[in-house]
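Quick notes on the structure that follows.
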Protein chains: 6
Amino acid sequence: MTLTTDLTSFLPEPAVIAAQVAAALAEDVGAGDLTAALIPAAQRTRAELITREAATLCGSAWFEMVFKQLDSDCRVSWAAHDGERIAPGQHLCTLEGNTRAVLTGERTAMNYLQMLSGTATRARQFADAVAGLPVRVLDTRKTLPGLRIQQKYAVRCGGCDNHRIGLFDMILIKENHIVAAGSISAALAAARALNADVAIEIEVESLAEMALALEAGAQLILLDNFSLAQLREAVKLNGGRAQLEASGNMNLATIRAVAETGVNRISVGGLTKDVTAVDLSLRVMGG
Amino acid sequence: MTLTTDLTSFLPEPAVIAAQVAAALAEDVGAGDLTAALIPAAQRTRAELITREAATLCGSAWFEMVFKQLDSDCRVSWAAHDGERIAPGQHLCTLEGNTRAVLTGERTAMNYLQMLSGTATRARQFADAVAGLPVRVLDTRKTLPGLRIQQKYAVRCGGCDNHRIGLFDMILIKENHIVAAGSISAALAAARALNADVAIEIEVESLAEMALALEAGAQLILLDNFSLAQLREAVKLNGGRAQLEASGNMNLATIRAVAETGVNRISVGGLTKDVTAVDLSLRVMGG
Amino acid sequence: MTLTTDLTSFLPEPAVIAAQVAAALAEDVGAGDLTAALIPAAQRTRAELITREAATLCGSAWFEMVFKQLDSDCRVSWAAHDGERIAPGQHLCTLEGNTRAVLTGERTAMNYLQMLSGTATRARQFADAVAGLPVRVLDTRKTLPGLRIQQKYAVRCGGCDNHRIGLFDMILIKENHIVAAGSISAALAAARALNADVAIEIEVESLAEMALALEAGAQLILLDNFSLAQLREAVKLNGGRAQLEASGNMNLATIRAVAETGVNRISVGGLTKDVTAVDLSLRVMGG
Amino acid sequence: MTLTTDLTSFLPEPAVIAAQVAAALAEDVGAGDLTAALIPAAQRTRAELITREAATLCGSAWFEMVFKQLDSDCRVSWAAHDGERIAPGQHLCTLEGNTRAVLTGERTAMNYLQMLSGTATRARQFADAVAGLPVRVLDTRKTLPGLRIQQKYAVRCGGCDNHRIGLFDMILIKENHIVAAGSISAALAAARALNADVAIEIEVESLAEMALALEAGAQLILLDNFSLAQLREAVKLNGGRAQLEASGNMNLATIRAVAETGVNRISVGGLTKDVTAVDLSLRVMGG
Amino acid sequence: MTLTTDLTSFLPEPAVIAAQVAAALAEDVGAGDLTAALIPAAQRTRAELITREAATLCGSAWFEMVFKQLDSDCRVSWAAHDGERIAPGQHLCTLEGNTRAVLTGERTAMNYLQMLSGTATRARQFADAVAGLPVRVLDTRKTLPGLRIQQKYAVRCGGCDNHRIGLFDMILIKENHIVAAGSISAALAAARALNADVAIEIEVESLAEMALALEAGAQLILLDNFSLAQLREAVKLNGGRAQLEASGNMNLATIRAVAETGVNRISVGGLTKDVTAVDLSLRVMGG
Amino acid sequence: MTLTTDLTSFLPEPAVIAAQVAAALAEDVGAGDLTAALIPAAQRTRAELITREAATLCGSAWFEMVFKQLDSDCRVSWAAHDGERIAPGQHLCTLEGNTRAVLTGERTAMNYLQMLSGTATRARQFADAVAGLPVRVLDTRKTLPGLRIQQKYAVRCGGCDNHRIGLFDMILIKENHIVAAGSISAALAAARALNADVAIEIEVESLAEMALALEAGAQLILLDNFSLAQLREAVKLNGGRAQLEASGNMNLATIRAVAETGVNRISVGGLTKDVTAVDLSLRVMGG
């Protein structure tokens, strides 16, 4: 059983992808592709997708859906799959369809694939940076509006893990909640009374606060902006009781040192708040 | 009349922003903010937004709409405006509203503001890089799915200009269209027959092709991946007849040299296909 | 801090309620209320809402939204609130608005209020039945299509708790998953590898399976259709290690005995799959 | 010609059912079925649907659509059809499809089928209770928000009839309309002036009011909360002139006596405002 | 009680008009009004609406909603109302609002008002043509896609009446239904068995068919393409038993003669399938 | 290459047509076609579409989509195509499908086809009226709400051209913009600074204003309500510098004279603000 490579279970349902793609096409095509008329209506073409740089592929379902919506007879044959490392010049897929559909859909399809591969590639870099260490690298809710589940899927394709999807699937107690509840222990008790089935995480800003959280039985503690020394101290203080999550301005240069402190989880806003599109190329062969 | 700073005319209609924000909130809040119950329902709070780094602000309408949708009595007082350069530590706005609404909306509001300010900041860097030269820096259709008009607005806030919004508001003749039409002149003639009111741009890949386009009366020519030497030659060959647009892997290091060749326009995919969120901070004061 | 009575934190956002009500009105009003023309357009009226039977109130936000959408000047003054026990004949609210709006909206508003109060009332009966025992009564995903978050809110108003909202906020390993994974321990290990932040519950059908789940470190075990004797045995075997949830055809006659076995949770499909509307009455006073 | 058993004409259009099912799936699946990953992506399974109790089947189109939307290659073979009486243990259908799709869709599909069969079963009980008498049993607008046309279809499957679908397809004059119009005859005259093509029904609360309605030429009279004696008197007074509809707290214990008074129609809010799900079981066979 | 002039009861609900207007604005404004930037953002203006030709006004609610959606502070003061006859040069309303909003919304607002006034004006001509005769002039389902309820409202504003809104609120038995049922009497019997609350109309194409329909107890008969002589014969044959509706290529030149035959109803497809916009003018005063 | 007859490039994407048709069907069918039950559920039929008058066909994709949505097995065989002139009595297509689907969809399908053919036919009359002259006849934004892209397509099918689609794809400077900018030259300069890729048109109301526009380099000038004499003068004054567009109350009687003045474009509001449905007939053959 090789769960870690079975990414399809994280892919949205077909109807969800269809709706996302329809909206993206509406945004680009609007009242019509003014240039399409230059191409004969019945002409068909082949196109080849390659990557110009090393990356981790992600977004093939969206790419393919774009062309299917414009030409239901279109065919896409994939030679690489989501989550796969791809090398410069590598052939990724062949596309065969109505030429107008291929040209009209090209930009929308590429925008999805380049963006999501960009996120998967970045996630892969972080996953590689901590390779061999018993730590999970997690994304955050710092995502692009309207693209969260797509980005969360890309993070998985890059070998990192997903933190909560939104405000609805986990309790994360921050400073304001603690103040309102009166104390760390009161906040934890209140949270437990609210919901027994989601993880309850509490954010602390010092070792002293962390000690209070441990005393109150916290099982998941977010260490906000701790230094490496503080993180090491936190791991020692914890003694394996709670899961510890380091957070705050993580980057590729620092993450391995953070992981080596022994924390269990590291959350990285940069996985999804920044995007660097992967340089892919769709070579359209003509009619 | 100071048109260049009147950015409100590029802002989507209120109903459009409202729909975008509602979708983003649905994505984050889903079936409910599980942690919100820790805060008393009637409690109100003040929060202050500052920037931690130098940037160009963009997205205030989306930021404000998030909180208005969660608490119609919420009030936001802005001390900076879209398109304005902001300095590290600068106070941007004060927010006053129901505490739950502030905490529930914080991430969605910040995601919009940080993303759009990131794009505006990048655009400002490109605009500054060519300061003083008679050239327009333009975005492309390489945008994030679902976020095009927001990103195009951010590009304006950063002092660059918008290329076509989508496939519907301009004709851009590329290689495949030329092949289908038979020749550059046939493609241009066909395009002119199709639509008299939008700009018709034709993409060429060599000086020879450019010469054919000029002969055919092209008024807007996209020079794809020309070297600096080729661009200089193109400007000379053109003799002011057509508008020339340089395109292909533009970045901050190279754009001024490109602009100095004398081209009229430079289109930059990196303005919108990549995003680097600006580091902003919302300090919530508590109940 | 009296969290248990602060139900507003479980209420959907205003925009969500507005959309639900708009859909319900569209369903009832369609192309127009044919009878409304008999009432003068400008006439206003007062109406009084009372309950004809003992119940627990739920749904006031939907009730009020119906009339607000038909007459933005309408005013509703509540004398009772969601989650409150109400007695036969008790005055619940006064409504003042345009007569046509009141008559047109009446049925939709009442359908919401009677349905949700019905669910809250049923939940209150179950909560009362186990009063004093350290057990949570939980709803399930056996809800009416399109009404889940409304029903889950009503369950809260009746003093019971919510199990997972949907397939997205908890892992529940059932027989088919165990078979696919190969064993109970393999299924639990695989689930832990998938997601560290949601509760992982495993369903077992015998004490032997429960023992395997405990060995594999299960923290939340669903005992499917166990007899009272089996439940008692399970509690003993558990020794406080995992949370135990009893499930299967629970009703008001049996639930206290089940609770007395010492299980921690009891899930009750009947809370939401069946609905008995509460008998409320809106007395319209006329023009 | 056996119109009474041809229920397909009351079924919503395919596109309408598809939209209803998509919304229900979105509600349950949200950002993804967290447990699905435990099942291999390509695994297929068979499942068998049986009923555990006697009932009248309804909702097969929704049940089937759920699985089709998750797996377009899924196949459902029905051994029973909407409107059919089914006996405990009876095999209803076989389902063959991708295992993940079957497990992910199971709850949503069952929620539809159990709810609608519940309504059909209740309607069948009412229809049976008046068997042999020349009376129609009708539903009302007391339905679950968002589920009206589904419930109205289920009522038909149970052998009862539909009253108006909403406010748009019939005029029903109630007390407030009469007061506004000035008199029963004025209200009827006004209604006739408004619309000549829909039935005009007038609600009366006494034999005296009924006499006025008859004088004014009413063709359809709703007798609100009349006793059995009053109903008998009303039938006598009517002398076959108008259609008489009895209404008010009808139940299975009383409906036959009501029908025996000779009224033409009996409307029953309980058909649709209350729901008792039928106990069905989907046995998934595994991979 | 002057029901005939109380047109507000036929107006769609505010939320419905809002959604219609939002869609129409999206269609026209799309990614933004490119010309709006020429007007200072804060400038306000007054505009006056007049009619250049005699007409019957209709559509004021849509006109006003357009401007409200673009500028919530906009104010419209009406000097004429829906259903009113207006004379060339007559002042209809004054509009005060943000200049950009006025200019951006002008076309959409005028399109609604000119189209609906066109339909109301045509309806008024037909209503006037049969003035004094006891006949109703009815519209049909021959409407413009997406505009049916707006056009049906305009027909009312012009003094004509509405036939069924759609396929859902009346039974109209045509030739194919008769053939399928086997005979006119079988079709009528089947229809009565299906639904007791909506009007059942049957279309006949000869006096012989009409006689069969009368024998079968038809209460509403559509005489398709009968000559004037045939219509007179039909009225005589009918002897007041059923309501008779003449139909087929009615126009202003022929309708009075048709009405004088004594039929009760005349349905006119031309009321809504053709549109002649009324010539209105919005004079914008400037900043 | 015969671009003028390749109308498919102006047709909306399939998903767009599907959404438009679904909305139109919802409007007509609503809660169900009450008469459909008279037809056996499994019966199939053939129907033949003919035209009763000379016209230009337009709308076949919408017509066909209606029946496909009601019966996915339905087949339509076209003997005529969009843009084709059709003669009275001409056979247009044969339709084969489920009888209920054919009867339920007939009106919606015909409404689309008759309306769009009406617009195409009118456009063809205008195109014919200026045959042989070097002028384009253009539509305007005076369209029916919600039907703009359909009507713009019909205008193309009739051999005329499209002016801007909406406010988003061209700049049209009117009197108010000029006043706000201060002068014609200032307005043109400001417009050019705003957007370099769309046509900039300026409306003038006298020869004097036109002279100022020419001086300011205007390339596209709208001559509002110029007399024939003024138009001739304008063409002379222009000397081929700008494109001149005549506008204002154009009709079939006057357009050729206008075209003969030598203007380059004539815009005609009547192409789309008025609609005269073409008389088509769908003969359903029965079961």
Side-chain angles (χ1 to χ4, degrees), chain C residues 20 23-24 27-40 43 45 62 99 103-104 107-108 110-112 114-115 118 141-149 165-174 176-177 179-181 187 190-191 194-195 198 269 273-277 284 286-287, chain D residues 20 23-24 27-40 43 45 62 99 103-104 107-108 110-112 114-115 118 141-149 165-174 176-177 179-181 187 190-191 194-195 198 269 273-277 284 286-287:
Chain C
Q20 293 168 342
E27 183 184 55
D28 193 32
V29 181
D33 179 352
L34 294 182
T35 318
L38 299 190
I39 306 288
Q43 186 183 302
T45 196
W62 286 267
T99 308
L103 294 177
T104 297
R107 187 71 265 138
T108 299
M110 294 296 276
N111 283 349
Y112 259 119
Q114 293 181 285
M115 170 187 71
R141 287 167 50 240
K142 294 180 180 174
T143 56
L144 305 170
L147 295 166
R148 183 166 295 169
I149 65 170
I165 302 301
L167 294 166
F168 53 84
D169 61 341
M170 187 173 154
I171 291 177
L172 204 166
I173 303 169
K174 298 192 176 181
N176 296 92
H177 304 104
V179 170
L194 279 169
N195 192 305
V198 296
K273 73 185 171 67
D274 302 332
V275 168
T276 306
V284 183
Chain D
Q20 292 167 343
E27 181 183 57
D28 192 33
V29 181
D33 179 351
L34 294 182
T35 318
L38 298 190
I39 306 289
Q43 186 183 301
T45 196
W62 287 266
T99 310
L103 294 177
T104 296
R107 187 72 265 135
T108 298
M110 293 296 277
N111 283 348
Y112 260 118
Q114 293 182 284
M115 171 188 70
R141 288 167 49 242
K142 294 181 180 174
T143 56
L144 304 170
L147 295 166
R148 182 167 294 170
I149 64 169
I165 302 300
L167 294 165
F168 52 84
D169 61 342
M170 187 172 156
I171 291 179
L172 203 167
I173 303 169
K174 298 192 177 181
N176 295 92
H177 304 105
V179 170
L194 278 169
N195 192 306
V198 295
K273 73 184 172 67
D274 302 331
V275 169
T276 306
V284 183

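A note on names: the letters A, B, ... follow the listed sequences, proteins ahead of strands, and every chain is numbered from 1.
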Checklist entry - Who among D/Gly118, D/Gly30, D/Ala24 has the most heavy-atom pairs with chain C under 4.5 Å? => result D/Gly30
Checklist outcome for this item: The reported gap from CE in D/Met115 to NZ in C/Lys273 (rounded to nearest 0.5 angstrom) is 13.0 Å
Item to check | Best-contacting candidate, D/Thr276, D/Ile173, D/Asp28, against chain C by heavy atom pairs under 4.5 angstrom | outcome: D/Asp28
Checklist entry - Under the salt bridge (charged side-chain N to carboxylate O under 4.0 Å, His left out) test, which residues partner D/Arg107, sequence neighbours left out? => result none
Checklist entry - Does the D/Asn111 side chain pair with the main chain of C/Arg141, one donor and one acceptor, at a distance under 3.5 Å? => result yes
Item to check | By salt bridge (charged side-chain N to carboxylate O under 4.0 Å, His left out) - contacts of D/Asp274 (at least two apart) | outcome: D/Arg122
Item to check | CG on C/Leu194 to OG1 on D/Thr35, rounded to 0.5 Å | outcome: 8.5 Å
Checklist entry - When heavy-atom pairs shorter than 4.5 Å are enumerated against chain C, which of D/Ala36, D/Gly32, D/Ala23 gives the highest number? => result D/Gly32
Item to check | Separation of D/Met110 CE from C/Lys142 NZ (nearest 0.5 Å) | outcome: 8.0 Å
Checklist entry - Could you give the distance from CD1 (D/Ile171) to CG (C/Leu34), rounded to the nearest 0.5 Å? => result 5.5 Å
Next on the checklist: Heavy-atom pairs under 4.5 Å with chain C: which of D/Lys174, D/Gln114, D/Arg148 has the most?
Outcome noted: D/Arg148
Checklist outcome for this item: The interface call for D/Glu27 against chain C, heavy-atom contacts under 4.5 Å, is both
Item to check | Contacting region of C/Leu103 [heavy-atom separation from chain D under 4.5 Å] | outcome: side chain
Checklist entry - Where on D/Met170 is there a heavy atom nearer than 4.5 Å to chain C: the side chain, the backbone, both, or neither? => result backbone
